[in-house]
Amino acid sequence: MEKLRSQNWFGKTGKDGFIYRAWMKNQGIPDDMFDGRPVIGICNTWSELTPCNAHFRDLAESVKKGVYESGGYPVEFPVMSLGETLIKPTAMLYRNLASMDVEESIRANPIDGVVLLCGCDKTTPSLIMGACSVDIPTLVISGGPMLKGHWRGKDIGTSDVWRFDEAFKLGEINEQQLTEAEGCMARTQGHCAVMGTASTMATMVEALGLSLPNNAAIPAADVRRKVISQLSGRRIVEMVKEDLTLSKILTREAFENAIMVNAAIGGSTNFVIHLLAIAGRIGVDLNMEDFDKFSQHIPLLANLQPSGKFFMEDLYYAGGLPAVIKEMKNVLHNNALTVNGKAIGANSESAEVFDRNIVATMEAPFKENSGIAVVRGNLAPNGAVIKPSAATPALMTHRGKAVVFETIEDYHARIEDPDLDIDENSIMVLKNVGPKGYPGMAEVGNMGIPKKLLEKGVHDLVRISDGRMSGTGFGTVVLHVSPEAADGGNLALVYNGDYISLDVPNRTLNLEVSDEELAERRKKWQPIDLNISRGYVSMYIKHVEQAHLGADMDFLKGKSGSIVTRDSH
Ligand code: FES
C-alpha cells in the first residue's frame, strides 16, 4: 500500500506532526492509530432537526467497530443535514450548499476513505456530490426506511399524507383523527417508508454500486441495519488499501443501471435531478434523453407506493433490492463494479423472491409503463419529466385549457375560490417554482385539486410546473419544465385559457399559441422579483443551472480531487 494521504498530517515529524497528533490525543487516541493505517471519515448527517436521520449516531458506532476490526482508525464528523419536513423554503435550496460542506470537509482533513451516512431525501445526493468532487474511496450507508405505520386497521405511510389531506377537505376525517394518525405513521426511526425520494436515493446508491448489497431496503429499526453498517466499516478499510475510488465505480454503465433499476422500482422524479448532478460532478456524460432511453423498456417490478401498494420493509422481506436486480439480469450491465469489489450481477446471484405480490418478473410485471418519461415541445424546449406509473392513464394524452397560477402564493390564494374557472378537463399551470424562481425548486408541483372538483369525484388533473414533486406524491404531474418561468422560459408566457396539449406516448408538451403571439407576450414579460441581494441564496440564484442539467451550481461541476496544494504548517 502506498503512503496514504492521512500521513501528510499524522506521519510528519517535528512541530507539524506534534500539532496534528497532540490535539487528536485529547480524545484518548493511542499512538499506534497514527502509524499509517487507513483513517476513515464517517460523514454524519445526524440531526434532531432531520428526524429521518436521528438514529445515525448508533449507525456511526457500528461503522467504527467495523473500521477497527479491519485495522483502520475511524473519525466521525458532522456536515450540514437537510431535513425534508422542516427546512424552509425547501431543502433542495441547500443541497448544493451541503455538498460544498462535504467536499471541503473531506479534502481539508486527514481522511483516506469515507463512509457517507445518508437518509432523508437530500442528504444522499448532497453527500455523494461532495464526495465525487474529491474522489477518494467512498462507501454509502443508508439509514433505512421506517416500519410502515398502522392507523385504524390500515397500513399507512407518507403517501397517505396526500390522501388524508383530500379526506380532510371533504370532511371524511376530522382534526382529531389527523392528530391520531400523525402518531401512528412515523412510529419508528428511519426515513419515509414508501418509494419516496429517500428510498429512491437508497435504491440509486445500491444500483450504482456504492453500497453493500441489500443496503436499500433493510428497515432502520432492524438490527441488520447495524450489521450492514459494521460490515461497511470493515470494507471501507479494504477499499482504501485497494485504492477503489468513486470514479472507478461510477462509470457510465453504473449510471445506466441506476436509471433502469429506478424504472423497475417506480422511483421518484427527483431521481433525475440528483443523478444528473452526481454525473456532472464525477464527469460522466449523462442527459435527459438517457432517462427516457434506458427506462422506456423497463416495466414496474416492485409493487411499492406511490406507484403500487406495499412499503419498503415489504420489499426487504420479499428479497430486497438484490431480488429485483436479479430479475433484471438480462438488461442490466451485470459486470459493473461495486464497493465490495464484486460485480453487481454477482452480488445478486443468490437472491431469491419470496413474495411475487411484491417483486414481479420482467415477463409479468405490475405495470408495463414505468420509469421517467421526458416530454418536450414549445412549453419545455429543454424537457420536462412525468412519472407514468404514478399518473392516470387516461390523462397521458390530454388537451385542455390552462388555469394559470403565477406563483405559489397566487395558487394558495385562489385555488378554493368558488368562482375559479376550472373543471375536470383543465390543466393546472404553476409558474415560478423552479430553481431560480422559488428559489430552490420546491416540491409543490402536485398541486392539490380544489374541493369543488374533489366533491365531484375528480382526483387528478394534468398539472404542469417548473417545480418538483415529493417522491411520495402521485398524479398526472409534469415537472421540472426547463427553461423555468423565472429564466424566461415559455412557461412564463402561458395565459389563462390557452390550450395545452400533453402527449406522453409521443413525448410532447405544447402550448397552442403561435410564435408571433409568444414574441408579443415576451415583450411584456417581467421576471419575478425575489428581492434577494445577499448571502448564500443570492449566490445560488446567480449560479444554479436549470433542471435538465441537474440544478447544480455552475462552478461546482466536476472535481478538484483530494490534493491540498497549500500547507500552512
Ligand atoms: Fe425524510 Fe421523507 S421526510 S425521507
Side-chain angles (χ1 to χ4, degrees), residues 44-57 59 79-95 98 116-128 140-149 155-165 181-206 211 215-222 225 262 265-271 273-274 304-307 310-313 315-316 321 387 390 440-446 468-474:
N44 202 341
T45 47
W46 169 87
S47 166
E48 288 181 347
L49 291 168
T50 308
C52 304
N53 299 14
H55 58 302
F56 279 19
R57 282 171 155 177
L59 294 187
V79 288
M80 185 182 195
S81 184
L82 304 175
E84 197 62 30
T85 50
L86 299 181
I87 287 191
K88 293 186 178 187
T90 168
M92 181 64 179
L93 177 59
Y94 303 105
R95 183 199 65 178
L116 308 177
L117 298 187
C118 307
C120 197
D121 298 12
K122 308 299 174 294
T123 58
T124 303
S126 58
L127 267 56
I128 297 174
V140 182
I141 300 170
S142 303
M146 294 176 204
L147 296 178
K148 57 194 160 195
D155 292 340
I156 59 168
T158 317
S159 293
D160 288 288
V161 174
W162 317 111
R163 296 181 192 114
F164 288 148
D165 184 47
E182 272 172 28
C184 299
M185 192 186 74
R187 69 188 174 98
T188 71
Q189 58 199 27
H191 59 67
C192 292
V194 298
M195 187 46 78
T197 303
S199 301
T200 299
M201 290 293 98
T203 305
M204 174 193 80
V205 159
E206 191 169 333
S211 72
N215 171 67
I218 301 173
D222 192 310
R225 182 56 63 185
N262 186 66
I265 49 102
S268 155
T269 45
N270 286 316
F271 168 79
I273 213 146
H274 298 320
L304 302 171
Q305 294 191 33
S307 299
F310 294 97
F311 296 84
M312 284 300 281
E313 66 171 287
L315 173 64
Y316 182 52
L321 194 65
K387 181 175 170 181
M441 212 182 168
E443 290 186 334
V444 292
N446 56 328
R468 296 177 303 118
M469 168 172 85
S470 164
T472 61
F474 44 83

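Because the structure is a prediction, the values reported are computed rather than measured. Side chains are part of it too, since the values below use all heavy atoms of this structure and drop only hydrogens, waters and symmetry mates. Just follow the structure's listing: the first ligand is 1, and inside any ligand the first atom is 1.
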Next item on the list: List the steps, then state whether side-chain hydrogen bond (donor to acceptor under 3.5 Å, both in side chains) holds for S81 with T50.
Entry: CA-CA 7 Å; S81 184; T50 308; 2.7 Å; yes
Next item on the list: Identify, with sequence neighbours excluded, every residue that meets salt bridge (charged side-chain N to carboxylate O under 4.0 Å, His left out) alongside R57.
Entry: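 With sequence neighbours excluded, R57 shows a salt bridge (charged side-chain N to carboxylate O under 4.0 Å, His left out) to no residue whatsoever.
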Note to self: Restricting to salt bridge (charged side-chain N to carboxylate O under 4.0 Å, His left out), what partner residues turn up for E313, sequence neighbours left out?
What the structure shows: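 For E313 there are no salt bridge (charged side-chain N to carboxylate O under 4.0 Å, His left out) partners, ignoring immediate neighbours.
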Next item on the list: Supply the atom-to-atom distance M185 CE to S159 OG, rounded to the nearest 0.5 angstrom.
Entry: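 Answer rounded to 0.5 Å: 9.5 Å.
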Check: Mind checking what residues have non-hydrogen atoms under 4.0 angstrom from ligand 1?
Finding: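 Residues within 4.0 Å of ligand 1: C52, E84, T85, C120, D121, H191, C192, A198.
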Item checked: Pairing residues for D155 by the side chain to side chain contact (heavy atoms under 4.5 Å, CB included) criterion, not counting sequence neighbours ->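 Side chain to side chain contact (heavy atoms under 4.5 Å, CB included) list for D155, sorted by chain: K148, H150, F311.
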Checklist line | Sub-4.5 Å side-chain heavy-atom contact between L82 and D121 | finding: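 Side chain of L82 against side chain of D121, heavy atoms only: no contact under 4.5 Å found.
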